[in-house]
Novice: 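Handing you this structure, nothing more for now.
The figures that follow rest on heavy atoms only: side chains count, while hydrogens, waters and symmetry mates do not. From a predicted model like this one, the values you see are computed outputs, not experimental measurements.
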Amino acid sequence: MYLTQLSGLLAAYQRRDPAARSKLEVFLLYPGVHALLWHRVSHWLYCHRRYFLARWISQHARSRTGIEIHPGAIIGRRLVIDHGCGVVIGETAVIGDDCQLYQGVTLGGTGKDQGKRHPTLGNGVLVGCGAKILGPFTVGDHARIAAGAVVLGPVPPGCTAAGVPARIVRERDPEGEAFVQKLEGQHHDKERTA
């Protein structure tokens, strides 16, 4: 089972990164893969109340990869962390399956909340470089967060959020066939491109 999940992760990197030539190259050279493998170990320890050892492993992984993933974070299958330097994933963050994060992404808290403090990403979410998603809310399935966005509230499924603070700039209509683009208060219908 573990080898099947690893193979799925390596295949996801190959599908989403045109520079990835082989699974062996991805396994040996991609820091996102290394960070996720270390996270699986530290998360297991965290779930079994071995908090110090879990944090030690996560800090070791951070120093080796430049990617900080708290051992308490829950991460789904086939997460791709592309050019991962500077990625930070907080303790109560939850990431669904088939998501993609680029460099400099923060899934963090605002310092105002107790308990659940970090965001939840649905399945198939794409987060652009330098984006900050801060607070205990949900980013819906297949949503996109633009590079450099600062997201402080929920993003509905299939929508695109951009800006500082982020706002919805593109949303899926109820039938899911077309997108409605919002620019400066005007609505423009655009055909969805697959």
Novice: Taking all atoms of both residues into account, what is the closest heavy-atom pair of Ala149 and Ala161, and its distance?
Specialist: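 The answer is CB-O, 4.3 Å.
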Novice: At their closest point, which heavy atom of Pro119 faces which heavy atom of Gly108, and how far apart are they?
Specialist: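 Heavy-atom minimum between the residues: CD-O, 3.5 Å.
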Novice: Show the numbers, then the answer: is there a side chain to side chain contact (heavy atoms under 4.5 Å, CB included) between Ile75 and Arg40?
Specialist: CA-CA 9 Å; Ile75 297 178; Arg40 299 292 182 208; 4.2 Å; yes
Novice: Are the side chain of Lys132 and the backbone N or O of Gly104 linked by a donor-acceptor pair below 3.5 Å?
Specialist: yes
Novice: SG/Cys159 to NE2/His142 distance, rounded to the nearest 0.5 angstrom?
Specialist: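 Answer for the SG-NE2 pair, Cys159 versus His142, is 12.5 Å.
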Novice: So which residues get pulled into Leu126's cluster when ILVMFWY side chains under 4.5 Å apart are joined, directly or through others?
Specialist: Tyr102
Novice: Look at the side chain of Asn123 and the backbone N and O of Asp97, then say whether any donor-acceptor pair between them is shorter than 3.5 Å.
Specialist: yes
Novice: Share the residues that join Tyr51 in a hydrophobic cluster, the rule being Ile, Leu, Val, Met, Phe, Trp or Tyr side chains under 4.5 Å apart at the heavy-atom level.
Specialist: Tyr46
Novice: Mark yes when over 12 heavy atoms from residues, nucleotides or ligands other than Arg16 sit less than 6.0 Å from its CZ; otherwise mark no.
Specialist: yes
Novice: Is there a side-chain contact between Leu121 and Leu101, using heavy atoms and a 4.5 Å cut-off?
Specialist: yes
Novice: Linking directly or through intermediates, with side-chain heavy atoms under 4.5 Å: list the remaining ILVMFWY members grouped with Leu45, chain and number order.
Specialist: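 Via sub-4.5 Å side-chain contacts, Leu45 links to Trp38, Val41, Trp44, Leu53, Trp56, Ile57.
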Novice: Is there a side-chain contact between Leu37 and Leu6, using heavy atoms and a 4.5 Å cut-off?
Specialist: yes
Novice: Could you check whether atom CZ of Arg78 has more than 12 heavy atoms from other residues, nucleotides or ligands sitting under 6.0 Å from it?
Specialist: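 More than 12 within 6.0 Å, yes.
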Novice: Answer with yes or no whether the hydrophobic clustering places Leu79 together with Ile74; edges join I, L, V, M, F, W, Y residues whose side-chain heavy atoms lie under 4.5 Å apart.
Specialist: no
Novice: Are Ile168 and Pro156 close enough that some pair of their side-chain heavy atoms sits under 4.5 Å apart?
Specialist: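 Ile168 vs Pro156: side chains touch.
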Novice: With a 3.5 Å distance limit and no angle check, can you tell me whether His70 reaches the backbone of Gly90 through a side-chain donor-acceptor pair?
Specialist: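 Here the side-chain-to-backbone pair does not exist.
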Novice: Evaluate the criterion side chain to side chain contact (heavy atoms under 4.5 Å, CB included) for residue pair Arg167 and Val169; output intermediate values, then yes/no.
Specialist: CA-CA 6 Å; Arg167 61 187 178 87; Val169 295; 4.2 Å; yes
Novice: Group every Ile, Leu, Val, Met, Phe, Trp and Tyr by side-chain heavy-atom contacts under 4.5 Å, then state whether Val105 and Phe137 land in the same group.
Specialist: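 Linked, Val105 and Phe137 end up in one cluster.
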Novice: Does any donor atom in the side chain of Asp17 or Tyr30 lie under 3.5 Å from an acceptor atom in the other side chain?
Specialist: yes
Novice: Give, for atom CZ of Arg62 and atom NE2 of His60, the distance between the pair rounded to the nearest 0.5 Å.
Specialist: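 Answer rounded to 0.5 Å: 12.0 Å.
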Novice: Rounded to the nearest 0.5 Å, what's the gap from CD on Gln103 to SG on Cys85? Could you check?
Specialist: 8.5 Å
Novice: Please list all pairs meeting ring pair (Phe, Tyr, Trp, His ring centres under 6.0 Å) that have one or both residues in residues 143-171, counting only residues at least two apart or in different chains.
Specialist: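 Matches after skipping sequence neighbours: none remain.
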Novice: Does any non-hydrogen side-chain atom of Ile133 lie less than 4.5 Å from one of Thr106?
Specialist: no
Novice: Which residue is it: Val139, Val151, Ile89, Leu134? I am looking for the one with a side-chain contact (heavy atoms from CB on, under 4.5 Å) to Leu107.
Specialist: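 Exactly one option meets the side-chain contact (heavy atoms from CB on, under 4.5 Å) with Leu107, and it is Ile89.
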Novice: State whether the side chain of Lys23 and the backbone N or O of Glu25 hold a donor-acceptor pair below 3.5 Å, judged by distance alone.
Specialist: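 No.
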Novice: What's the verdict on side chain to side chain contact (heavy atoms under 4.5 Å, CB included) for Leu10 and Val33, showing C-alpha distance, side-chain angles and the deciding distance?
Specialist: CA-CA 8 Å; Leu10 300 177; Val33 171; 4.2 Å; yes
Novice: Keeping the roles fixed (side chain from Ser58, backbone from Arg55), state whether a donor-acceptor pair exists under 3.5 Å.
Specialist: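 Checking the backbone N and O of Arg55 against the side chain of Ser58, a donor-acceptor pair under 3.5 Å is found.
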Novice: Rounded to the nearest 0.5 Å, what separates atom CD in Glu68 from atom OG in Ser63?
Specialist: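 Separation between the atoms: 10.5 Å.
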Novice: Counting N and O atoms only, with roles assigned by atom type, does the side chain of Thr65 sit under 3.5 Å from a partner on the main chain of Ile67, one being a donor and the other an acceptor?
Specialist: yes
Novice: Taking ring pair (Phe, Tyr, Trp, His ring centres under 6.0 Å) as the test, write out the residues that go with His39, two or more places apart.
Specialist: His43
Novice: Under a 4.5 Å side-chain heavy-atom rule over Ile, Leu, Val, Met, Phe, Trp and Tyr, are Phe27 and Leu9 clustered together?
Specialist: yes
Novice: Does CZ belonging to Arg77 count more than 12 external heavy atoms closer than 6.0 Å?
Specialist: no
Novice: Using the salt bridge (Lys or Arg N to Asp or Glu O under 4.0 Å) criterion, which residues pair with Arg117? Sequence neighbours excluded.
Specialist: Glu91
Novice: As a quick check of understanding, evaluate side chain to side chain contact (heavy atoms under 4.5 Å, CB included) for Ile69 and Val88, giving each step before the final call.
Specialist: CA-CA 6 Å; Ile69 306 173; Val88 177; over 6 Å; no
Novice: To the nearest 0.5 angstrom, please state how far the CG atom of Leu29 sits from the CG atom of Leu24.
Specialist: 8.0 Å
Novice: Kindly indicate whether the side chain of Pro154, heavy atoms from C-beta on, has any atom under 4.5 Å from the side chain of Thr138.
Specialist: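 No, every pair of side-chain atoms sits at 4.5 Å or beyond.
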